[in-house]
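This report concerns only the one structure given below.
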Amino acid sequence: MTPGSLLSVLLLLCCACTVWCAALCNNRCCSFVEGFPARLKMLRENYSQIRDYYEANDDLDIVLLDQSIVDTFKTPFACHLMDGILRFYLDSVLPRALATVTAETRNLKPHVESIQQIFDQLKIEVTNCKHYFACKNRFDINVLNSTYTKMEDKGLYKAMGELDLLFNYIENYLASKRRRNVA
């Protein structure tokens with residue numbers, strides 16, 4: 001087999017898999033999960049534009065998004081954790097990040113707003129698809145809120161500086177739901 005024909009076969013298989021996988025999604029929740037990588041790419045692109053600023057201002061040694069969150073993302077309670085964390089970022093962190101934009105940091109604003117919009121859409125989808133994620137008892141977000149509050153002004157930098165961790169947690173959680181719950 002020539003390299004050109006091998007490439008053609010691989011391309012055909014790739015296209016067939018894409019069509020086959022797309023055909024398996026016959027509901028909104030499955031389509032949301034399968035389409036999330038594109039949103040994740042947008043989140044990471046926007047975050048790459050603001051990461052240096054927030055990480056440079058994060059001088060705290062404590063981790064906000066700790067191992068307990070990683071572990072909870074691997075449990076049947078993960079959808080509630082995700083709902084709580086998205087609410088935390090949408091209600092506390094991102095509005096504060098936007099409120100603290102100054103003339104010197106105005107270039108951060110469109111990227112923070114984009115993250116906020118994607119998180120808002122994600123929260124709606126997670127809420128609407130609780131049955132798809134087979135949610136169990138709620139995750140208690142109060143510990144995260146309490147730690148964030150104790151950090152005072154530095155909490156903003158910590159929470160924004162750890163967004164890349166959150167993106168990874170969300171990606172792993174949603175990836176674990178891909179094609180597994182296709183019905």
Side-chain angles (χ1 to χ4, degrees), residues 10-11 14-15 17-19 21-22 25 28-60 62-67 69-70 72-74 78-79 81-129 132-133 141 144 148 151 153-181:
L10 289 174
L11 183 60
C14 183
C15 291
C17 180
T18 302
V19 170
C21 292
C25 271
R28 176 178 161 195
C29 297
C30 178
S31 296
F32 156 68
V33 170
E34 293 297 321
F36 185 73
R39 288 184 187 178
L40 182 62
K41 182 180 179 190
M42 290 173 42
L43 283 168
R44 288 195 166 129
E45 286 171 359
N46 280 289
Y47 183 65
S48 72
Q49 300 298 312
I50 64 173
R51 175 185 26 243
D52 291 344
Y53 171 77
Y54 287 104
E55 287 181 354
N57 287 287
D58 174 11
D59 57 3
L60 298 175
I62 190 168
V63 176
L64 190 60
L65 299 174
D66 63 12
Q67 187 64 39
I69 292 175
V70 174
T72 304
F73 262 116
K74 298 174 185 174
C79 62
L81 166 69
M82 195 152 97
D83 182 64
I85 287 180
L86 289 171
R87 190 175 332 108
F88 167 71
Y89 271 89
L90 287 167
D91 294 348
S92 301
V93 179
L94 295 168
R96 188 166 167 210
L98 288 170
T100 60
V101 169
T102 64
E104 294 83 33
T105 61
R106 69 179 173 269
N107 61 320
L108 303 177
K109 187 176 181 179
H111 303 291
V112 174
E113 287 174 333
S114 179
I115 291 169
Q116 186 177 39
Q117 289 173 336
I118 294 169
F119 273 16
D120 192 46
Q121 294 166 350
L122 181 58
K123 186 173 178 332
I124 290 167
E125 293 294 340
V126 168
T127 300
N128 289 336
C129 293
Y132 182 84
F133 294 115
I141 195 78
L144 181 67
Y148 176 74
M151 293 178 180
D153 292 340
K154 295 294 184 175
L156 170 65
Y157 301 106
K158 177 58 68 181
M160 292 298 291
E162 292 183 1
L163 272 173
D164 59 335
L165 293 174
L166 181 58
F167 300 159
N168 291 338
Y169 300 165
I170 293 170
E171 176 184 31
N172 290 336
Y173 174 63
L174 291 178
S176 75
K177 301 299 178 185
R178 292 181 82 185
R179 289 187 279 301
R180 191 176 92 195
N181 288 319

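Since the structure is predicted, the reported quantities are computational estimates derived from the model, not experimental observations.
Two residues are said to be in side-chain contact when any heavy atoms from C-beta on lie closer than 4.5 Å; Tyr169 and Leu81 fail this criterion. At a threshold of 4.5 Å between non-hydrogen side-chain atoms, the residues Phe119 and Leu163 count as touching. Residues Gln117 and Leu94 fail the side-chain proximity criterion, which asks for heavy atoms closer than 4.5 Å. Using a 4.5 Å heavy-atom cutoff, the side chains of Tyr54 and Val112 are in contact. Side-chain contact between Tyr132 and Val33: present, with at least one pair of heavy atoms (C-beta onward) separated by less than 4.5 Å. When side chains are defined from C-beta on, Phe73 does not count as touching Asn172, because their heavy atoms never get closer than 4.5 Å. Considering only heavy atoms from C-beta on, Ile115 comes within 4.5 Å of Ile50 through its side chain. No side-chain heavy atom of Met82 sits less than 4.5 Å from a side-chain heavy atom of Ile85.
Between Tyr47 and Gly161, the shortest heavy-atom distance links the atoms OH-O, 2.8 Å. Here the closest non-hydrogen pair linking Arg106 and Pro110 is O-CD, 3.6 Å. Shortest non-hydrogen contact noted between Leu90 and Gln116 is CD2-O, 3.4 Å. Residues Ile124 and Arg28 share a closest heavy-atom pair of CG2-NH2, 4.4 Å. In this structure, Leu65 and Val63 approach most closely via the heavy-atom pair O-CG1, 3.3 Å.
Separating the CE atom in Met151 from the CG atom in Leu60 is a distance of 5.5 Å, to the nearest 0.5 Å. Note that CG of Asp59 and NZ of Lys154 are 4.0 Å apart. Values are rounded to the nearest 0.5 Å. The CZ atom of Arg39 sits 5.5 Å away from the CD atom of Glu125 when rounded to the nearest 0.5 Å. One finds the CG atom of Leu40 at 10.0 Å from the CD atom of Glu45 (value rounded to the nearest 0.5 Å). For the atom pair OH of Tyr157 and CZ of Arg96, the computed distance is 8.0 Å after rounding to the nearest 0.5 Å. Here the straight-line distance linking atom CD of Glu162 with atom CG of Asp164 works out to 8.0 Å at 0.5 Å rounding.
Under the 4.0 Å criterion applied to side-chain N and carboxylate O atoms, Asp58 and Arg51 are not assigned as salt-bridge partners.
Checking side-chain atoms of Thr127 against main-chain N and O of Lys123 turns up a donor-acceptor pair under 3.5 Å. Put simply, the side chain of Tyr89 never gets that close to the backbone of Pro95: no donor and acceptor are under 3.5 Å apart. The closest donor-acceptor contact from the side chain of Asn46 to the backbone of Met42 lies under 3.5 Å. Judged purely by atom type and a 3.5 angstrom limit, Thr100 uses its side chain to pair as donor or acceptor with the backbone of Ala97.
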Test log, rule side-chain contact (heavy atoms from CB on, under 4.5 Å), inputs Lys158 and Val93: CA-CA 10 Å; Lys158 177 58 68 181; Val93 179; over 6 Å; no
Evaluation steps, side-chain contact (heavy atoms from CB on, under 4.5 Å), between Phe36 and Leu122: CA-CA 9 Å; Phe36 185 73; Leu122 181 58; 3.8 Å; yes
Leu64 and Met160: CA distance, side-chain angles, deciding distance, side-chain contact (heavy atoms from CB on, under 4.5 Å) verdict: CA-CA 10 Å; Leu64 190 60; Met160 292 298 291; over 6 Å; no
Working for side-chain contact (heavy atoms from CB on, under 4.5 Å), residues Leu108 and Gln49: CA-CA 7 Å; Leu108 303 177; Gln49 300 298 312; over 6 Å; no
